[in-house]
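Encoded as structure tokens, the structure appears first; notes follow it.
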Amino acid sequence: MNILIPFIKNLVLDAGMICIEGQKRLTSHDLEFKSTKDIVTEIDKKVEVFLVKAILARYPDHGVLGEEYGAVRAESEFRWIIDPIDGTTSFVHRLPFYSISIALEKAGELVLGVVYAPALNQLFYAQKGNGAFVGDIPIHVSETRELDNAVMATGFACLRAGLEKNNLPIFNEIVPKIRDIRRFGSAALDLCYTAMGSLDGFWELNLNIYDIAAGTVILREAGGVITDFTGGGQFPEKGLAAANKDLHNALIPILTGFCAL
């Protein structure tokens, strides 16, 4: 398993160059719309094809799940979960808060995660039982214990999807209780920034497994807790809450209350 980290780190750096170069040449002709507000670019597709081909060339018996093209060779003990560009809106608007996210699942358990933000040159990675890192530096969740000292992040995938049950009431409940809020637009990066203690916590609705798989491994290895809105394991389907143990314990009663509405 240890040989996988260098392979995926090198691969994600190469994918990052595709993003950097592609963003320079990006035009409106490169955009497609999954829905009225949900954008995909030709670069998203190019990065995913590059990653899937490279992974299957090295591990031809593994399965892959990608955001843009779905499942490939799904019947395997090993499954790679890929989001080629998490934060496509930031990418299109030439903002730096987008990332490439790659996770490995073994027999249904997430065991490895790599998240790379090309424009920021930040490379996060973790392997189960071996800790979490940015570059070569170990990272840990914050030591903030009280909500009123916390800076947290959230997102609004629920609004892009047009869901009636959305994050706005939760946002209005939580934000007055904390020090401040940040909005980066990449769930993978939100989880990584929570893992390194730059954020104290993160919650969101209507995410997909490819948005959060790699960040989940990184957060857990950094000492964080990640659950659904009730404190259970059905995330991201039933919402996602991530923080250190104390702040997570403070968030869950608030989030659980909205699950019942």
Side-chain angles (χ1 to χ4, degrees), residues 1-32 34 38-60 62-70 72 78-104 112-127 132-137 139 184-193 195-196 198 208-218:
M1 187 70 72
N2 288 334
I3 63 172
L4 291 174
I5 287 286
F7 167 63
I8 295 300
K9 285 169 66 176
N10 290 332
L11 189 60
V12 82
L13 290 172
D14 290 341
M17 288 306 301
I18 297 174
C19 291
I20 294 291
E21 294 303 315
Q23 191 181 49
K24 293 176 184 176
R25 300 187 297 272
L26 194 67
T27 72
S28 60
H29 299 294
D30 298 312
L31 306 185
E32 296 179 19
K34 298 179 183 179
D38 201 1
I39 307 170
V40 63
T41 73
E42 288 301 315
I43 309 304
D44 290 76
K45 296 177 181 179
K46 186 175 181 179
V47 169
E48 185 165 316
V49 168
F50 168 77
L51 293 172
V52 171
K53 284 184 175 179
I55 289 169
L56 292 181
R58 182 152 179 166
Y59 302 105
H62 285 196
V64 178
L65 175 67
E67 177 179 10
E68 306 306 334
Y69 293 106
V72 180
F78 293 95
R79 181 174 72 153
W80 297 90
I81 303 172
I82 297 170
D83 193 338
I85 301 180
D86 184 48
T88 299
T89 298
S90 290
F91 179 76
V92 168
H93 287 264
R94 291 178 169 80
L95 295 168
F97 300 107
Y98 67 90
S99 62
I100 302 160
S101 175
I102 307 175
L104 178 62
L112 180 149
V114 176
V115 174
Y116 180 48
L120 300 169
N121 195 29
Q122 289 182 310
L123 178 59
F124 300 87
Y125 61 96
Q127 183 176 318
F133 301 84
V134 57
D136 295 323
I137 302 171
I139 57 175
F184 296 115
S186 166
L189 280 181
D190 289 331
L191 287 169
C192 288
Y193 290 153
M196 72 185 295
S198 295
N208 294 289
I209 186 63
Y210 45 75
D211 298 314
I212 58 94
T216 294
V217 183
I218 294 164

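This chain uses plain numbering: 1 for the first residue, then up along the sequence. None of these values were measured; they are calculated from a predicted model.
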Sort out for me which residue in I8, I82, V12, I18 forms a side chain to side chain contact (heavy atoms under 4.5 Å, CB included) with L51.
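For L51, the side chain to side chain contact (heavy atoms under 4.5 Å, CB included) test succeeds with only one of I8, I82, V12, I18, which is I82.
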Drop me the distance from [X]'s [atom1] to [Y]'s [atom2], to the nearest 0.5 angstrom.
{"X": "F133", "Y": "L123", "atom1": "CZ", "atom2": "CG", "value": "12.0 Å"}
{"X": "Y125", "Y": "L4", "atom1": "OH", "atom2": "CG", "value": "14.0 Å"}
{"X": "E68", "Y": "E42", "atom1": "CD", "atom2": "CD", "value": "10.0 Å"}
{"X": "Y210", "Y": "I102", "atom1": "OH", "atom2": "CD1", "value": "15.5 Å"}
{"X": "D83", "Y": "S99", "atom1": "CG", "atom2": "OG", "value": "7.0 Å"}
{"X": "F184", "Y": "S198", "atom1": "CZ", "atom2": "OG", "value": "8.0 Å"}

Side-chain touch [X]/[Y], heavy atoms, less than 4.5 angstrom:
{"X": "F124", "Y": "L189", "answer": "yes"}
{"X": "V64", "Y": "Y69", "answer": "no"}
{"X": "I100", "Y": "P118", "answer": "yes"}
{"X": "I43", "Y": "Q23", "answer": "no"}
{"X": "P84", "Y": "E67", "answer": "yes"}
{"X": "V217", "Y": "L104", "answer": "no"}
{"X": "L11", "Y": "F50", "answer": "yes"}

Taking atom NZ of K9 as the centre, report whether more than 12 heavy atoms of other residues, nucleotides or ligands fall under 6.0 Å from it.
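Yes, the 6.0 Å shell around NZ holds more than 12 heavy atoms from other groups.
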Any residue meeting side chain to side chain donor-acceptor pair (under 3.5 Å) with S101, in chain and number order, not counting sequence neighbours:
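With neighbours one apart ignored, the set is empty.
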Flag for Q122-Y193: side-chain donor and acceptor within less than 3.5 Å:
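Present: a donor and an acceptor within the cut-off.
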Steps toward side chain to side chain contact (heavy atoms under 4.5 Å, CB included) verdict (C19, V47)
CA-CA 7 Å; C19 291; V47 169; 3.8 Å; yes
Over all heavy atoms of both residues, which pair between L120 and P96 is shortest? Give the atoms and the distance, please.
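Heavy atoms of L120 and P96 come nearest at CD2-CB, 3.6 Å.
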Taking ring-ring contact (aromatic ring centres under 6.0 Å, His included) as the definition, give me every residue that meets it alongside Y116, ordered by chain and number, with sequence neighbours left out.
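Counting only residues at least two positions away or on another chain, Y116 forms no ring-ring contact (aromatic ring centres under 6.0 Å, His included).
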Test K24 against E21 for salt bridge (charged side-chain N to carboxylate O under 4.0 Å, His left out), laying out the working first.
CA-CA 5 Å; K24 293 176 184 176; E21 294 303 315; 3.2 Å; yes
Would you check, one step at a time, whether the test side chain to side chain contact (heavy atoms under 4.5 Å, CB included) holds for L191 with I218?
CA-CA 8 Å; L191 287 169; I218 294 164; over 6 Å; no
side-chain hydrogen bond (donor to acceptor under 3.5 Å, both in side chains) partner of S186, the single match among T89, D86, D211, T88
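When side-chain hydrogen bond (donor to acceptor under 3.5 Å, both in side chains) is applied between S186 and each of T89, D86, D211, T88, only D86 qualifies.
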